Amino acid sequence: MLTLARRYLRRIDAVYLALCLLCSAFSVVGLFSVGYSQLGGSANKASVQFIASLLGAMLAVIVSTVDYRALARAWPLHAVVAWGLVLPTLFLRNLQAGFVVIGYDAGGTSNYSWYRIGGMTFQPAELAKLSFILTLAWHLDRVRGRVNRPLHLLALGAHILLPVLAIHIQGDDGTALVFAGIGVVMLFAGGLSIPLALAGLGAAAAGGAAVLLTHPGLLKGYQFRRILAVLTPEDPALADIAYQQNKAAMAIGTGGLTGQGLFQQESIFIPNAWNDFIFSYLANALGFVGALAVLGLLGALLLRTLRTAAASVDLLGRLIATGVFGALFLQCVINIGMNLQVLPVIGVTLPFFSAGGSSVLMVYLSVGLVLSIGLTSRRSAGLAAPID
């Protein structure tokens, strides 16, 4: 068994996997600290994170040994499963079906994108995100060299827009924004011309602004106030909606160089510190050094993902790895922007660090895809023999 493990680690990008495991270890320790200092000594969040990370790492290892091209070709299977789970949440709201609740509102913000199964919750959009990357990569690979032709561009636009609209209808606009960003990044990787991209982004921005001006009801009241809270955080009328971000900014600001320390009962209370605002908590507990460590680990992961994309032996692998990069990058930027009070709160978690079993498992499945692409590249270069 040890011999097989050593052979496996020599053939894959072991550094990439190690970076993921370091992020998870960092997260588990941080969540234990959150549980001790802010959740009355509860270890539940950290325990779930530890189990999800362990299972996720095992899944990543399994997926890494599967040909990513076969997974992309199997898009009808995983697309039907993923979107078959998403679609009921578009119409059903907190519907009890035995021990399962469909369209569960986990955060109390009209976001009905969850299933509640017993005492656990599952967000099918995370699985759909992975399927979306695979199917869009397959689509772009089929039209290589013809992406900028009008009919192909319209088909690709529909391929991106329909999932974005579905997630928006669920009420999860943060994840919808990530889907849109993944689509744009992958279009660039697939050969979209820069003039067309700029024209498209300009048209989307103008169209979005026009829609919001003519149909202001599309933006929920609390969403509009969250945007105002970023622009005018000191406005007393926005004290309730800005409270979370104000506390997060205070926590980051008082962390100093080395922080207030982990497992401190007197640490600043940060609402939702275990999930969307784990970065603020770690910056307070571990200071600038700890925040820099988090950013360094995530930055190294992103660069390693791009490195795998650049070294891919085919366009399909490059597109998939680029899609994974886009998902991770956008979540990091949006989440940290929320914590720094430069972006409104839209419910986007920090990969690997935020508590959440389903999101951790899906991130590790993405990691498995990147490892598979890297393994194929190494085999092609004669650096790795097939794993027995």
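Numbering of residues begins at 1 and proceeds along the displayed sequence. Owing to the predicted nature of the structure, the values given are computational and were not obtained by experimental measurement.
- Taking the side chain as every heavy atom from C-beta outward, Leu301 and Cys23 approach each other to under 4.5 Å.
- Under the 6.0 Å distance and 45° angle rule, Arg142 counts as a cation-pi partner of Trp138.
- Of the N and O atoms on the side chains of Asn284 and Thr254, at least one donor lies less than 3.5 Å from an acceptor on the other residue.
- Leu303 and Ile373 end up in different hydrophobic clusters when Ile, Leu, Val, Met, Phe, Trp and Tyr side chains are linked at under 4.5 Å.
- Ring to ring, Phe179 and Phe132 are close: their centroids are under 6.0 angstrom apart.
- When hydrophobic clusters are built by joining Ile, Leu, Val, Met, Phe, Trp and Tyr residues whose side-chain heavy atoms come closer than 4.5 Å, directly or via intermediates, Val185 is not grouped with Val143.
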### Message
Set out, in order, the CA-CA distance, both residues' side-chain angles and the distance that settles side chain to side chain contact (heavy atoms under 4.5 Å, CB included) for Leu350 and Phe277, then state yes or no.
### Response
CA-CA 8 Å; Leu350 189 63; Phe277 288 88; over 6 Å; no
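- Separation of atoms CZ (Phe91) and CD1 (Ile102) is listed at 12.5 Å; rounding is to 0.5 Å.
- Looking only at atom types and distance, the side chain of Thr305 has a donor-acceptor partner in the side chain of Tyr16 under 3.5 Å away.
- One distance of note links CD of Gln341 with CE of Met250; it measures 10.0 Å at 0.5 Å rounding.
- Atoms CZ and CG, from Arg144 and Asp314 in turn, are 7.5 Å apart once rounded to the nearest 0.5 Å.
- When the side chains of ILVMFWY residues are joined at heavy-atom separations under 4.5 Å, either directly or via intervening members, Val86 and Leu162 end up in two distinct hydrophobic clusters.
- With hydrogens and angles disregarded, no donor-acceptor distance shorter than 3.5 Å links the side chain of Ser33 to the backbone of Val29.
- Between the side chain of Gln260 and the backbone N or O of Leu262 there is no donor-acceptor pair closer than 3.5 Å.
- By the 4.5 Å heavy-atom criterion applied to side chains, Asp173 and Ile346 are not counted as neighbours.
- Taking both residues in full, the closest heavy atoms of Ala125 and Ile167 are given as CB-CD1, 3.8 Å, listed atom of the first, atom of the second, then distance.
- Remark: the backbone N or O of Ala189 is not paired with any side-chain donor or acceptor of Arg318 at under 3.5 angstrom.
- Side chains of Gln244 and Asp276: no donor on one and acceptor on the other come within 3.5 Å.
- A 4.5 Å side-chain heavy-atom check between Val367 and Phe352 finds at least one atom pair inside the cut-off.
- Side-chain contact between His78 and Thr135 is present, with heavy atoms from C-beta onward closer than 4.5 Å.
- With contacts defined as side-chain heavy-atom distances shorter than 4.5 Å, the pair Ser27/Phe32 does not qualify.
- If you check the side chains of Lys129 and Gln331, you find a donor sitting under 3.5 Å from an acceptor.
- At least one donor-acceptor pair under 3.5 Å links the side chain of Gln38 to the backbone N or O of Ile270.
- Note: Phe279 and Phe353 fail the aromatic proximity criterion, with ring centroids not under 6.0 Å apart.
- No side-chain donor-acceptor contact under 3.5 Å links Thr89 and Tyr115.
- Of the inter-residue distances, the one linking Leu31 atom CG with Lys45 atom NZ reads 9.0 Å to the nearest 0.5 angstrom.
- Residues Leu328 and Pro351 approach most closely at CD2-CB, 3.8 Å, considering heavy atoms.
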### Query
Can you list the steps and then say if Leu156 with Leu140 is a side chain to side chain contact (heavy atoms under 4.5 Å, CB included)?
CA-CA 8 Å; Leu156 287 165; Leu140 284 163; 3.7 Å; yes
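- A single hydrophobic cluster is not seen to contain both Leu292 and Leu302; linkage of ILVMFWY side chains at heavy-atom distances under 4.5 Å, directly or through other members, places them apart.
- Annotation for Gly326 and Ile182: closest pair C-CG1, 4.2 Å, computed over non-hydrogen atoms.
- For Tyr281 and Ser37, the side-chain atoms include at least one donor-acceptor pair closer than 3.5 Å.
- For the pair Tyr364 and Ser24, the minimum side-chain heavy-atom distance is below 4.5 Å.
- Side-chain contact between His152 and Val147: absent, with no pair of heavy atoms (C-beta onward) separated by less than 4.5 Å.
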### Criterion side chain to side chain contact (heavy atoms under 4.5 Å, CB included) on Ile336 and Leu340, from CA distance to verdict
CA-CA 6 Å; Ile336 293 171; Leu340 295 175; 3.8 Å; yes
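- With hydrophobic clusters built from ILVMFWY side chains whose heavy atoms lie under 4.5 angstrom apart, Val66 shares a cluster with Val61.
- Within a 6.0 Å sphere centred on CZ of Arg116, heavy atoms belonging to other residues, nucleotides or ligands number more than 12.
- There is a side-chain donor-acceptor pair under 3.5 Å between Ser113 and Gln123.
- Minimum interatomic distance between Gly356 and Gln49 (heavy atoms only, all atoms of both residues): N-OE1, 3.3 Å.
- Between Phe188 and Thr322 the shortest side-chain heavy-atom distance does not fall below 4.5 Å.
- Around CG of Leu154, the count of heavy atoms belonging to other residues, nucleotides or ligands within 6.0 Å exceeds 12.
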### Message
Would Thr65 and Leu371 count as a side chain to side chain contact (heavy atoms under 4.5 Å, CB included) here? Give the steps.
### Response
CA-CA 8 Å; Thr65 63; Leu371 290 173; over 6 Å; no
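- For the atom pair CG of Asp141 and CD1 of Ile320, the computed distance is 8.5 Å after rounding to the nearest 0.5 Å.
- With values rounded to the nearest 0.5 angstrom, Arg11 atom CZ is found 11.5 Å from Ser64 atom OG.
- Shown here is Phe26, whose CZ atom has more than 12 heavy atoms of other residues, nucleotides or ligands within 6.0 Å.
- When the shell of 6.0 Å around CZ of Phe288 is examined, it contains 12 or fewer heavy atoms from other residues, nucleotides or ligands.
- Each of Leu298, Val294, Leu295, Val348 was compared with Cys332 under the side-chain contact (heavy atoms from CB on, under 4.5 Å) criterion, and only Leu298 meets it.
- Looking at Arg93 and Asp105, no side-chain N of the basic residue comes within less than 4.0 Å of a carboxylate O on the acidic one, giving no salt bridge.
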